[in-house]
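Working notes, beginning with the structure itself.
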Amino acid sequence: MPEPFKLYNTLTRKVEDFEPQQPGHVGLYVCGMTVYDHCHVGHARAMVVFDTFVRYLRHRSWDVTFVRNFTDVDDKIIARANQCGEPSADLAQRYIDAFGHDMTALGLLTPDQQPRVTESMDAILEMISALVADGHAYAADGSVWFSVKTFDEYGKLSGRKVDELRSADEGVPGKADPADFAVWKASKPGEPSWPSPWGPGRPGWHIECSAMAKATLGATIDIHGGGLDLVFPHHENEIAQSECGNHAPYVRYWMHNGLLNVASGQKMGKSLGNVVNIEDAVKVFPAEAIRLYYLQNHYRSPLPWDDTALSKALSMLARIYEAREAAEAMNGAGAAEDLSAANKAAADKVSKELGAAAIECLQVAREFEARFYTAMDNDFNTAQALGHVFELARAVNRLANHKKAKKRGGPIAREALAAFELLATAMGLCTASSAEFQAEVKRKRLGVLGVTVQEIEALLEQRTQARADKDWARADAIREALEAKNIVVMDSPEGVDWRIRV
RNA sequence: GGCGGCAUAGCCAAGUGGUAAGGCAGAGGUUUGCAAAACCUCCAUUCACCAGUUCGAAUCUGGUUGCCGCCUCCA
């Protein structure tokens, strides 16, 4: 049985109990990319937030249909294509492919459906026809305009008043009211176009989402997501088109993620020229560090971005991985499969024998699931849920410091590992093995630091020899040399290991 | 100018009526040949400011100030 949860609804500006149309099912439509450029870390916040949302809901037994579109016909695409001297369809396809690579590199789920404007033309024309037939839209000079004043509820999402609206295409011939917006644009020479009852043209910016949402999820969808900057005009206009065209409520819950802020306090945006592409970010940071960076804040809050953002997130991620490694080292491998009554009884017994650290660790491990769910079910509060993860990490590390933990902590560690398993399944963090994670960190960070593994290992060998000779001065000199390159040398009874200072 | 949102320690941040989670940074300690990691202790009598409601407010109400987003393409 799916578990109930609460969600902030931009339409009502309240946190509400989520009530699906069909029991157990969530239809989710997320505004994807207009494919005229690469996906940057600002876009990726929306992608990661909704990916995590879907993972979590599925983990909680919801049957989720996840739709994310591509807008592959648009003024900006045409403009960019003309600039490059490339057919706009080719340019769009190029960026769709790049987006796919970026999402794969980020480790995101593929949506159940990824409709495109160019493949949804029938649905778009059908919706425009319905609007024209009902008098909600009118044709003029080969274009079709939505008549905002025919929809009394216009402005209900964004709080706009129709009379105060000015328009993007002020003074365009044929447009009857300043607030009206295009649902179909007559094509100009050299632009891609499709035949329509009003002449050759292409869809306006907003109609494609209305039509694709209906085609994939039906007239009324459960949750519609996207960035906060899409509230007006995009989502407001979608509501107007869909509700007038379908005679049904369009969206039950509007879910908007906050934007990234650069250090100056401004948002990140292509027009501001302060963007970092995902393609570049994933070359130098593990995907999960990027994911954690987004999830450390509540999805609706603005999220500060600066040069240190990802390396801070990587430090946090490393702490979680290392705690899990500590749990594994306590003979705790085997994780969730062995949470039998026998293991629980053994854990109870061991915790009493080992004392406070063990008792606390067991308690934190056992309470983790309920706390995690409570945080996530309350408007998807990943920041609070991660707070619980760090408490778990501390409790595990504390137990691991106990001198008897390594031999006897297994039953407790297994319960802790079940909690880490939950983190991986429900939030997509800690999905790799510790070895894989360390390897990825080294692979991606060494290049940035300008150091090679060979170089490091050669120095470590010399240092091992120096230590064997008890030549501490020499050993320390080598340590310092490595330290200067941000390589941390770690001696342990098992031998020498090294990590990158993140 | 209009609409919406935000303001919690050096920094990031959770917390929507019951007495301030968590992370980073910092100080001291345990451990170590020396380190690193980890752990322990310390680090906001206080939540932008001013009134008010209440037994009780970071949390509710009104006002003030500051910041941000949207109003033009934007996740």
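Chain letters run A, B, ... following the sequence lines, proteins first, then strands; residues in each count from 1. The basis for the numbers below is simple: all heavy atoms, side chains too, and nothing from hydrogens, waters or symmetry mates. Quick caveat, the model's predicted, so the values are computed rather than measured.
When the P atom is used for both B:A27 and B:A36, the distance is 12 Å, rounded to whole Å.
Residue-level contact check: A:His298 touches the backbone only, with heavy atoms under 4.0 Å from sugar-phosphate atoms and none from bases. Backbone-only engagement by A:Gly32 is indicated by non-hydrogen atom pairs under 4.0 Å involving sugar-phosphate atoms exclusively. As judged by a 4.0 angstrom heavy-atom cut-off over every strand, A:Val488 is placed among residues touching the sugar-phosphate backbone only. If you check every strand for non-hydrogen atoms under 4.0 Å, A:Leu228 touches nothing.
Counting to the nearest Å, the C1' atom of B:A38 and the NZ atom of A:Lys406 are 13 Å from each other. Residue A:Tyr294 contributes atom OH, which lies 17 Å from atom P of B:A14 at whole-angstrom precision. One interatomic measurement links the two molecules: CD of A:Glu480 to C1' of B:A35, which rounds to 9 Å at whole-angstrom precision. Rounding to whole angstrom units, CG of residue A:Leu108 and P of B:A75 are separated by 16 Å. A:Phe181 has its CZ atom 16 Å from the C1' atom of B:C73, to the nearest Å.
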Using a 4.0 Å heavy-atom cut-off, write out nucleotides 20-33 of chain B from 5' to 3' as B (base contacted by protein), S (sugar-phosphate only) or - (no contact). -BSSS--------B
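Within the structure, every pair that satisfies the salt bridge (Lys or Arg N to Asp or Glu O under 4.0 Å) test and touches residues 290-299 of chain A, not counting sequence neighbours, is listed here: A:Asp51-A:Arg291.
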Can you check nucleotides 2-5 of chain B for protein contacts, nitrogen or oxygen pairs under 3.5 Å, and list what you find?
| residue | atom | partner | partner atom | Å |
| --- | --- | --- | --- | --- |
| B:G2 | O2' | A:Glu164 | OE1 | 2.7 |
| B:C3 | O2' | A:Ser158 | O | 3.0 |
| B:C3 | O2' | A:Gly159 | O | 3.3 |
| B:G4 | O2' | A:Arg13 | NH1 | 3.4 |

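Using a 4.0 Å cut-off between charged nitrogen and carboxylate oxygen, A:Arg80 and A:Asp74 do not count as a salt-bridge pair.
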